[in-house]
There are 2 protein chains.
Amino acid sequence: MTEPDHQNLGLLCFYPHRAMEARLLAAMAEEGFDDITAAQGRIAARIGPQGTRLTDLAEQALVTKQTAGHLVDQLERAGYVRHVPDPTDARARLVQIAERGWAVIALAREVEARVEAEWTAHLGEETTAQLRAALTRLREVTDPYR
Amino acid sequence: MTEPDHQNLGLLCFYPHRAMEARLLAAMAEEGFDDITAAQGRIAARIGPQGTRLTDLAEQALVTKQTAGHLVDQLERAGYVRHVPDPTDARARLVQIAERGWAVIALAREVEARVEAEWTAHLGEETTAQLRAALTRLREVTDPYR
DNA sequence: ACCATCTAGTCAGAACATCTGACCATCGTC
DNA sequence: GACGATGGTCAGATGTTCTGACTAGATGGT
């Protein structure tokens, strides 16, 4: 926030993130997945292969349980995810990716790869590898969840 | 969106950005600037030293003129910015930083420096410099506004 | 000068995202 | 078993953002 010409690292990180998200959303809308929003995507992106608890999703996405629940409801109504009871805890419900969800994930992977390829073309292989390594290490101190 | 374990670059960029924004907001609230929100800050961050037109702010922040106008109104009511007529165009109004705005900007700079210092301590000087250089170059293809 | 067109900004209304607070059901433990 | 902790929902409020329609002023060609 509030920088004139010297770009702080946080802000510099913002541009690629925004660009990637915009590309993903645009590609999805183009392929018929036009009933998905950025907030829904951010939640959905954290669902594990076997399903994830709502509370865990909320925690990782840094939103409240209520917000997560609301977004998951929408995703469920649109057919992207499904709720199943957690066999190990009768209170909990696992959120799992449904068929339509897998389809959109496959598309997202493609687009991610395409965009990263463009970035690599701009920066060069070595710089991109360094960038990824630095960001991964930075995550250790900027991501409270792993 | 939608990554399981291989972290795409866009998402990797998200963590530092979110961390920086959270730190800024927390520090501001602590120092008494508790009437500012993330969205307002994102707009305010793009105001130039001599003032900036609403339309330009909207364009750079990738929001509509209406959204920008709304946020600027709030910032004005809180005393962070002020509206002055643009001498070169009677239709336009320049948004300028007001006294209270300068105070919060000074604080933001301090916090940015502090957080970056922490990151540098974690990554090392050289890696941090490489990271900044890579992100700056990446901005050329991910930021439509310069 | 004059009109067509473009640009800066506002108004109105709606959708969405997000929060706080209160609540219920179930789990784990002493 | 009773009790505090945890998973999740309900209700209501606030904030952010959009689309569409509009006004006022600028600009360029004839």
Closest-nucleotide mapping onto DNA chain C: is A:Leu71 or A:Thr88 further toward the 5' terminus? I mean the 5' end. A:Leu71
Among D:dT17, C:dC27, C:dA17, find the nucleotide with the atom closest to the side chain of A:Ala90. C:dC27
Given salt bridge (Lys or Arg N to Asp or Glu O under 4.0 Å), test B:Arg82 with B:Glu99 step by step and report yes or no. CA-CA 9 Å; B:Arg82 129 186 88 227; B:Glu99 290 64 35; 3.7 Å; yes
Whole-Å distance between C:dG9 C1' and B:Glu59 CD? 14 Å
Just by modelled atom types, is the A:Leu12 backbone N or O under 3.5 Å from a matching donor or acceptor in the B:His17 side chain? no
For nucleotides 5-8 of chain C, which of its nitrogen or oxygen atoms have a protein nitrogen or oxygen under 3.5 Å away, and what is each distance?
unit_1, atom_1, unit_2, atom_2, d
C:dT7, O2, B:Arg91, NH1, 2.3

Output the rounded distance in Å from CG (A:Asp73) to C1' (D:dC10). 12 Å
Side chain of B:Val63: nearest nucleotide among C:dT26, D:dT17, C:dA22? D:dT17
Would you indicate, yes or no, if D:dC18 has its OP1 or OP2 atom less than 4.0 angstrom from a side-chain nitrogen or oxygen of B:Thr67? yes
One would report the end-axis bend of the helix from C:dA1-D:dT30 to C:dC30-D:dG1, five pairs per end and rounded to 10 degrees, as 30°
Separation of B:Arg42 atom CZ from D:dT17 atom C1', in whole Å? 11 Å
Rounded to the nearest angstrom, tell me the gap between atom CG in B:Asp34 and atom C1' in D:dG15. 16 Å
Less than 4.0 angstrom from a charged side-chain N to a carboxylate O is my criterion; do A:Asp86 and A:Arg53 meet it? yes
Do NZ/NE/NH1/NH2 and the carboxylate oxygens of A:Glu116 and A:Arg23 come within less than 4.0 Å? no
Value in whole Å for how far the P atom of C:dA17 lies from CG of A:Leu62: 17 Å
Measure from the side-chain heavy atoms of B:Thr37 and tell me the nearest of C:dT10, D:dT16, C:dT18. D:dT16
For atom CD of A:Glu21 and atom P of D:dT17, their distance in whole Å: 13 Å
C:dG21 base to A:Gln66 side chain: any donor-acceptor pair below 3.5 Å? yes
B:Arg77/B:Asp35 salt bridge by N-O under 4.0 Å criterion: no
Are A:Arg18 and B:Asp143 within salt-bridge range, i.e. N to O under 4.0 Å? yes
In whole Å, I'd like the distance from the NE2 atom of A:His70 to the P atom of D:dA11. 14 Å
Separation of atom CG in B:Leu57 from atom C1' in D:dT16, rounded to whole Å: 16 Å
